[in-house]
There are 2 protein chains.
Amino acid sequence: MKKVKRTTIYDIAAKLGITASSVSRALNNSSQVNEKTRELIIKTADELNYKRNTLASNLRKGHSKTIGVVVPRINQNFFANVIAGIEETTYQKGYNLIICQSGEVHDKEIQCVNTLINQHVDCIVISVSADSYDYQHLQNVLDHGIQLIQFDRVAEELETLKVINDNEQASFEAVSHLIENGYKRIALLEGPQNLNIFRQRKTGYLRALETHKVAVIDELVVENAWTKELGAEATRKLLNLPQPPDAIFASTSDFSALGVLEVANAMKIQVPSELGICGYSNEAFTEITSPSITSIDQFSVYMGKTIGNLFFQEIGNTEVSVKPKIISIKPELIIRGSTAKKG
Amino acid sequence: MKKVKRTTIYDIAAKLGITASSVSRALNNSSQVNEKTRELIIKTADELNYKRNTLASNLRKGHSKTIGVVVPRINQNFFANVIAGIEETTYQKGYNLIICQSGEVHDKEIQCVNTLINQHVDCIVISVSADSYDYQHLQNVLDHGIQLIQFDRVAEELETLKVINDNEQASFEAVSHLIENGYKRIALLEGPQNLNIFRQRKTGYLRALETHKVAVIDELVVENAWTKELGAEATRKLLNLPQPPDAIFASTSDFSALGVLEVANAMKIQVPSELGICGYSNEAFTEITSPSITSIDQFSVYMGKTIGNLFFQEIGNTEVSVKPKIISIKPELIIRGSTAKKG
DNA sequence: ATATTTTACGCAATCGATTGCAATTTTTAT
DNA sequence: ATAAAAATTGCAATCGATTGCGTAAAATAT
């Protein structure tokens with residue numbers, strides 16, 4: 001399988017009795033070649049089934065026209081969408097994507113980042129893993145003169161380009177919506193607080209309660225409930241409380257919200273009349289549960305496109321360091337059946 | 001951002017008063033370097049924050065330790081899962097993934113493949129787009145001595161490594177299941193017949209009918225219904241027939257099946273007693289609709305891992321051409337509420 | 001027809017790492 | 001102590017494409 005000798009510009013040059021320089025120039029649309037020879041070169045390149053060796057080209061040029069992406073899981077809806085968005089914008093400009101998944105493991109994340117540095121990618125796009133505790137590896141990216149764009153889950157202390165959702169505002173709106181619809185005891189399922197996105201969502205929750213002069217009840221705030229199972233478990237506990245909540249905001253994910261719904265159904269507690277439910281992410285299935293689940297759309301594909309465009313805006317920049325810039329995308333509350341108390 | 005001069009093996013060599021050769025050897029665990037100098041080299045490499053330039057290394061070595069993946073859409077569950085599986089197995093062995101999406105467009109697919117050839121990837125993994133009409137570009141991959149692995153949607157006439165699902169068998173089992181559960185008039189929502197997977201599913205459907213001596217009714221076979229909307233539309237037509245079907249096999253996707261379910265609900269037709277529904281792919285949501293939808297699990301992540309392993313099995317192979325090999329994964333029928341006529 | 005500008009192409013170095021071969025040093029055997 | 005074997009290290013070519021500089025040839029101006 002490996003013995004095939006691929007044709008190079010030297011082969012083309014030899015066949016035509018000219019130099020590789022000319023071939024290179026012809027193939028790169030340089031104005032320094034005669035139109036006739038160019039045509040000839042392109043024709044024979046075609047005949048010999050020539051394909052440029054991007055490795056060699058990139059080595060010489062000093063860049064790779066490649067963008068590295070590191071996400072916790074490729075096959076998680078939100079990330080898959082973001083990646084699709086990035087791919088769409090960058091592909092058009094001839095950039096390729098190298099994708100790695102950290103599996104939510106800090107050490108693998110570091111490995112991934114290092115591999116990408118080795119690959120001489122022009123930019124690294126990353127959403128940090130849940131158990132990240134330091135960001136030396138990201139600083140390292142910068143130190144190697146590689147553009148760094150963080151998205152969604154970002155290390156705030158690092159001054160880089162960032163594309164994020166306004167989690168606090170979304171959360172604020174969701175909880176306000178619950179309050180306005182008549183829910184009084186609103187529980188919060190929160191995610192790991194070392195991730196800023198979950199901290200922000202909590203802040204939004206607290207701010208909404210405060211704004212509407214609703215007291216915070218500690219026992220209604222449940223830590224680390226971001227899978228369906230954990231959401232279900234939390235719900236069982238909450239609903240068995242002497243004074244159970246009348247609404248649950250699963251700020252972690254729609255999967256968690258789904259767990260809530262299933263437990264409510266199992267316990268014959270009416271949704272939305274006895275219990276309001278709001279999820280996060282606007283997964284496709286939130287539309288088809290019964291009742292359908294109110295959620296928050298993060299515009300994930302758009303987020304990906306924004307990341308791509310941001311990269312192209314900034315690469316023209318010859319400065320040694322890029323000014324940190326934060327683009328915040330406002331998520332949208334999608335109101336559905338699960339919060340229609342007075343509907 | 002681009003002015004940063006990265007340290008090379010020459011920098012390390014210079015600092016230590018030795019040659020780059022030794023540095024290279026030390027960094028590659030060659031047995032040809034003294035243990036002490038190796039330690040010294042590694043130490044200073046570390047101090048200088050050296051990162052190997054993979055471009056240069058690969059250029060010299062003649063391979064890229066990179067696998068190219070082309071799928072119609074990254075953010076489609078099935079493909080995202082396969083990619084995640086591939087990544088998992090290949091990452092361990094130090095291979096990287098370059099991901100492209102063809103967007104179901106033949107021309108873009110060709111472009112993607114060419115880009116990957118240019119990148120000198122060691123292998124291309126592809127699931128062809130829905131409107132593919134010829135496979136010259138894939139033949140081209142082989143001609144360049146690049147390993148080619150097709151999966152799921154494959155060009156049968158091309159003799160390459162293939163990892164597929166046994167669609168026909170799965171389809172046969174699904175339809176048999178419907179028949180055994182008492183459904184008599186079973187409709188088929190079929191996908192574009194230029195894709196072999198959809199042809200196979202149809203064949204399985206026909207074979208099941210034949211085996212159980214059920215007559216084929218042409219008007220119950222609906223072409224090209226592979227989105228939720230098209231599935232819904234087809235269902236409206238089917239259910240308004242003088243003699244409507246009592247079951248619908250949405251062989252295209254679970255989304256299509258979802259469309260069926262929604263229309264049935266809207267028309268107040270009882271599922272599963274009046275209408276049985278079976279989807280394809282076992283999307284997460286099939287579990288949570290009411291009733292839940294019977295579907296077929298394709299083991300997508302496992303499929304990805306299989307692809308990765310297949311690659312590693314075959315690269316040892318120094319033959320110029322690899323013997324075509326087909327690995328067929330047997331999907332599993334997941335029986336749920338939507339087909340429980342006699343349940 | 002001669003001088004000047006343009007155009008087209010070749011030469012050779014370069015990007016950074018790897019590796020076969022040769023040269024040198026160290027170790028082991030006699 | 002000397003010869004032979006083994007371990008280290010250096011030299012220089014190589015992977016394939018790009019590009020600054022120089023020169024020859026063609027085109028234009030005088």
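Lettering of chains follows the sequences in order, A, B, ..., and the numbering in each one begins at 1. Only this structure's heavy atoms are used, side chains among them; waters, hydrogens and symmetry mates stay out. The structure displayed is predicted, hence computed values, not measured ones.
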B:Asn34 side-chain N/O to D:dT8 phosphate OP1/OP2 under 4.0 Å: yes
Distance test, side-chain N/O of A:Tyr10 to OP1/OP2 of D:dT14, below 4.0 Å: no
A:Asn28 side-chain N/O to D:dT18 phosphate OP1/OP2 under 4.0 Å: yes
Charged N-O contact under 4.0 Å between B:Arg73 and B:Glu104: no
Integer-rounded Å distance: D:dA5 P and B:Gln32 CD: 19 Å
Minimum-distance pair of heavy atoms, taken over all atoms of A:Pro72 and A:Gln101: O-CB, 3.5 Å
N or O in side chain of A:Arg52 less than 4.0 angstrom from D:dT18 OP1/OP2: yes
Distance below 4.0 Å between A:Ser57 side-chain N/O and D:dA17 OP1 or OP2: no
Nearest-Å distance for atom pair CG/P, residues B:Leu55 and D:dT14: 22 Å
Atom-pair distance (CG on A:Asn53; C1' on D:dT18), nearest Å: 13 Å
Side-chain N,O (B:Thr54) to OP1/OP2 (C:dA17) below 4.0 Å: no
Phosphate contact (D:dC15 OP1 or OP2) by A:Thr8 side-chain N/O below 4.0 Å: no
Phosphate OP1/OP2 of C:dC9: any A:Ser21 side-chain N/O under 4.0 Å: no
Interatomic distance, A:Ile41 CD1 vs C:dG10 C1' [rounded to whole Å]: 13 Å
Rounded distance in Å - CG (A:Leu59) to P (D:dC15): 14 Å
Given C:dG10, D:dA17, D:dT9, the nucleotide with the shortest approach to the side chain of A:Arg60: D:dA17
Aromatic ring pairing B:Tyr133/B:His106, orientation class (parallel under 30°, perpendicular over 60°, tilted between): tilted
Between P of C:dA17 and CZ of B:Arg6, the distance in whole Å: 10 Å
Interatomic distance, A:Lys36 NZ vs C:dC9 C1' [rounded to whole Å]: 16 Å
Touch class at under 4.0 angstrom, heavy-atom based, for A:Ser30 against every strand present: nothing
Parallel, tilted or perpendicular: rings of A:Tyr135 and A:His137 (30°, 60°): parallel
Any A:Ser22 side-chain nitrogen or oxygen under 4.0 Å from OP1 or OP2 of C:dG10: yes
Sugar-phosphate only, base, or nothing, as touched by A:Ile18 at under 4.0 Å among non-hydrogen atoms: sugar-phosphate
Length of the line joining A:Arg25:CZ and D:dA17:P, which is rounded to integer Å: 15 Å
Parallel, tilted or perpendicular: rings of B:Phe78 and B:Phe151 (30°, 60°): tilted
